[in-house]
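Working notes, beginning with the structure itself.
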There are 2 protein chains.
Amino acid sequence: MSRKPTLAVVGATGAVGTVMLGILSERPDVYGEIRLVASPRSAGKKLTVRGEEVVVQALSPEVFDGVDIAMFDVPDEVSAQWAPIAAERGAVAVDNSGAFRMDPDVPLVVPEVNPAAAKVRPKGIISNPNCTTLSMIVALGALHREYGLAELVVASYQAASGAGQEGIDVLYSQLEKVAGDHGLGQRAGDVREAVGEGGPFPAPLALNVVPWAGSLKEDGWSSEELKVRNESRKILGLPGLRVNATCVRVPVVTTHSLAVHAVFEREVDQKAAQDVLAAAPGVVLHDDPASHVFPTPNDVVGTDPTWVGRVRRSLDDPKALDLFLCGDNLRKGAALNTAQIAELVATEFTS
Amino acid sequence: MSRKPTLAVVGATGAVGTVMLGILSERPDVYGEIRLVASPRSAGKKLTVRGEEVVVQALSPEVFDGVDIAMFDVPDEVSAQWAPIAAERGAVAVDNSGAFRMDPDVPLVVPEVNPAAAKVRPKGIISNPNCTTLSMIVALGALHREYGLAELVVASYQAASGAGQEGIDVLYSQLEKVAGDHGLGQRAGDVREAVGEGGPFPAPLALNVVPWAGSLKEDGWSSEELKVRNESRKILGLPGLRVNATCVRVPVVTTHSLAVHAVFEREVDQKAAQDVLAAAPGVVLHDDPASHVFPTPNDVVGTDPTWVGRVRRSLDDPKALDLFLCGDNLRKGAALNTAQIAELVATEFTS
């Protein structure tokens, strides 16, 4: 019985939810009804999706009645409570939080890399990876299929919007405070004095970089760094993949960048690797340094693919490549990948 | 015959030269006469060093007569021409340019790492390393002495002042153009439109990061990335050291940061490595992430040491450490290390 599934978007009023409504409007034929859901204080708001005004409903068990697919773009603890309720009521929950990513009974899906995993969902929940992992994994998945991935060393250049709307607001506010003073940034602590304390970042972000994202885990590693390791392993199906990441916040609004040193099982060739990337779905090869062609966040923000440049074979190891990648952390890094997972599930209704 | 040597500072009016005069003023007892030298168009200017006004002399062969040590903070081609002339006239040339760094007859010296190399100088020239290498090598040298270094994977977060005063000016100017617009950085190319083209960076630096520094070399590598590889090998005396670097410019005025994955010959221990770093001359260990203690450029700018934090042993390799380092690229990365080399040479006159 082919029909268009009913979709619920939980967290429709947030930063990722807002991007999601735009993405859903670009694909108007996938779903039948689209319900928008948020916390009770946002209920009654009217939002536009697919050109139509929709009244936001308050999160409740009943809101999932008749829903086939429920997307969650909410904090971990909200997902932890409500995604199982949606699943109990018959919906497939597609969750963008960290609540279920490492649950062995919940698949962690990137449609370009491991689409089949979306079909095996014992809890009725599918997880969407962390934005930093998502900003690189489509390109690395393509290289893995060709050469077999053995090790990753990752350094990130993460945007303020990874910390939500508050991160964006704090960065703009700090930039206003430092702009116009042509002496700032040349004496220890002077930017800190100018911008003051507060906000989601543990040090000033304007005229600075901050080697911290997430919370402290074992042996000095941050939660963000362990997510890159654990989620890459799960998505690629490589439980023994060696991954060392250093996650650093930079004064960019949106789009995460990553410098990646990737070691493979087999020898790699620069030109062949570039060809693999150029042919990979969801990847743009942007790599001609002689003409200053390489991805930067401002070239990439607002676009869907993972952009890759600076592809170089190691001069010391014929099995290693160094790359620079950029991905919009609100689109492919969050809303877009969630939408793509939901579309995979939607095909089960329409085919 | 103990005497205080005569010093010439060539390039006294530049960005590094200006920092150098401050450093020389902090150490007023090392030299006898200090001559300040610059291009003919700066000749006649008066600059202050050690509290005294000194008239800048035009660069000429005669300016080196009677000079014992000549520092060069000038472009490669000026050093290439003039450092040998200074040496011919009897001075020891200490050169901060790239002209002689890989010359097998010119030592490449970091006083905390390989001070003895400064004594063997067949051409009468000693080279000062590149600022990016210098921002990490003192700390890595200390770890190498303990554990034996086998491999480095480096991702840099390089400041605008690495591109000189023009780099600083362009960054401030771009920040003024983007500040106050709370929508910028969310659409591909919008920052580029706002700040326009031009300057030393091949893409906008405000609200962006740029994965390029230097010129294009073989197989897609940049000159800056190859300097990190070749200079680290030469300073550490490890011609086979595996080094893969990705050099990226960030919107920071001064102080380079580096995420380093270091693999050693022997097993490492997090606490022991922290102790090695804490005890190393020229290194500050700043590493307590539970209290948000890690180095950032704005904590470090204007200070002399290499600051190290985020020291973590790899979860996948007991011989590997991940670190985050910051060093002021105009001080230790340029003027300070040159001054330290010159002081090593000066002891030959006074002892």
Side-chain angles (χ1 to χ4, degrees), chain A residues 153 155 157 172 175-176 178-180 182 184-189 191-192 202-204 207-212 216 219-221 229 242-244 246 248 250-254 257 259 261 270 289-290 292 294 296-303 309-317 320 322 324, chain B residues 153 155 157 172 175-176 178-180 182 185-192 202-204 207-212 216 219-221 229 242-244 246 248 250-254 257 259 261 270 289-290 292 294 296-303 309-317 320 322 324:
Chain A
V153 180
Y157 303 71
Y172 283 135
L175 285 176
E176 278 193 84
V178 304
H182 286 203
L184 267 185
Q186 305 191 46
R187 188 174 55 74
V191 172
R192 197 182 289 266
L207 290 176
N208 211 19
V209 303
V210 183
W212 193 256
L216 180 62
D219 301 328
W221 294 89
R229 177 168 179 262
R242 299 191 297 279
V243 184
N244 291 284
T246 299
V248 180
V250 296
V252 165
V253 178
T254 292
S257 306
H261 176 76
Q270 183 190 24
H292 286 160
F294 30 70
T296 79
N298 195 244
D299 299 316
V300 166
V301 60
T303 71
R310 304 296 328 281
V311 179
R312 294 149 286 159
R313 189 170 87 159
S314 169
L315 297 170
D316 300 318
D317 179 356
D322 286 83
F324 189 79
Chain B
V153 180
Y157 303 71
Y172 283 135
L175 284 176
E176 278 193 84
V178 303
H182 287 204
Q186 304 190 48
R187 187 174 55 75
D190 62 355
V191 172
R192 197 183 290 267
L207 290 176
N208 211 18
V209 302
V210 183
W212 192 257
L216 180 62
D219 301 327
W221 293 90
R229 178 169 180 260
R242 300 191 296 279
V243 183
N244 291 283
T246 299
V248 179
V250 296
V252 164
V253 178
T254 292
S257 305
H261 176 75
Q270 183 190 26
H292 286 160
F294 29 69
T296 79
N298 194 245
D299 299 316
V300 167
V301 60
T303 72
R310 303 300 325 283
V311 179
R312 293 149 288 158
R313 191 170 85 158
S314 169
L315 297 170
D316 300 318
D317 179 356
D322 286 82
F324 189 79

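Convention: sequence-line order gives letters A, B, ...; per-chain numbering from 1.
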Can you tell me which of [options] forms the most heavy-atom pairs within a distance under 4.5 Å of chain B?
| options | value |
| --- | --- |
| His292(A), Gln270(A), Arg192(A), Arg310(A) | Arg310(A) |
| Asp219(A), Thr254(A), Leu216(A), Val210(A) | Asp219(A) |
| Val248(A), Val250(A), Val300(A) | Val248(A) |
| Val311(A), Asn244(A), Val178(A) | Asn244(A) |
| Ala155(A), Pro251(A), Ala259(A) | Pro251(A) |
| Ala290(A), Gly185(A), Ala320(A), Gly309(A) | Gly185(A) |

Among the listed options [options], the residue most often paired with chain A at heavy-atom distances under 4.5 Å:
| options | value |
| --- | --- |
| Gly189(B), Ala179(B), Pro204(B) | Gly189(B) |
| Ser257(B), Gly180(B), Gly302(B) | Gly180(B) |
| Asp299(B), Leu315(B), Val243(B), Asp190(B) | Leu315(B) |
| Pro289(B), Pro211(B), Gly220(B) | Pro211(B) |

Open item on the list: With a 4.5 angstrom heavy-atom cut-off, is it the side chain or the backbone of Glu176(A) that approaches chain B, or both, or neither?
Closed with: both
Task: Heavy-atom closest pair, residues Tyr172(A) and His182(B) - done: CE1-O, 2.9 Å
Measuring from [X]:[atom1] to [Y]:[atom2], what's the distance to the nearest 0.5 Å?
| X | Y | atom1 | atom2 | result |
| --- | --- | --- | --- | --- |
| Arg229(B) | Asp316(A) | CZ | CG | 4.0 Å |
| Trp221(B) | Asp322(A) | CH2 | CG | 4.0 Å |
| Arg312(A) | Thr246(B) | CZ | OG1 | 3.5 Å |
| Arg187(B) | Thr303(A) | CZ | OG1 | 13.0 Å |
| Asn298(B) | Leu184(A) | CG | CG | 8.0 Å |
| Asn208(A) | Tyr157(B) | CG | OH | 12.5 Å |

Which bit of [X] comes within less than 4.5 Å of chain A, counting heavy atoms only: side chain, backbone, both or neither?
| X | result |
| --- | --- |
| Val209(B) | both |
| Ala203(B) | side chain |
| Asp317(B) | neither |
| Gln186(B) | both |
| Val191(B) | both |

- [ ] Verify whether one side chain among Ser314(B) and Arg242(A) offers a donor that lies under 3.5 Å from an acceptor in the other.
- [x] no
Task: Minimum side-chain heavy-atom gap Leu175(B)-Leu175(A) below 4.5 Å - done: yes
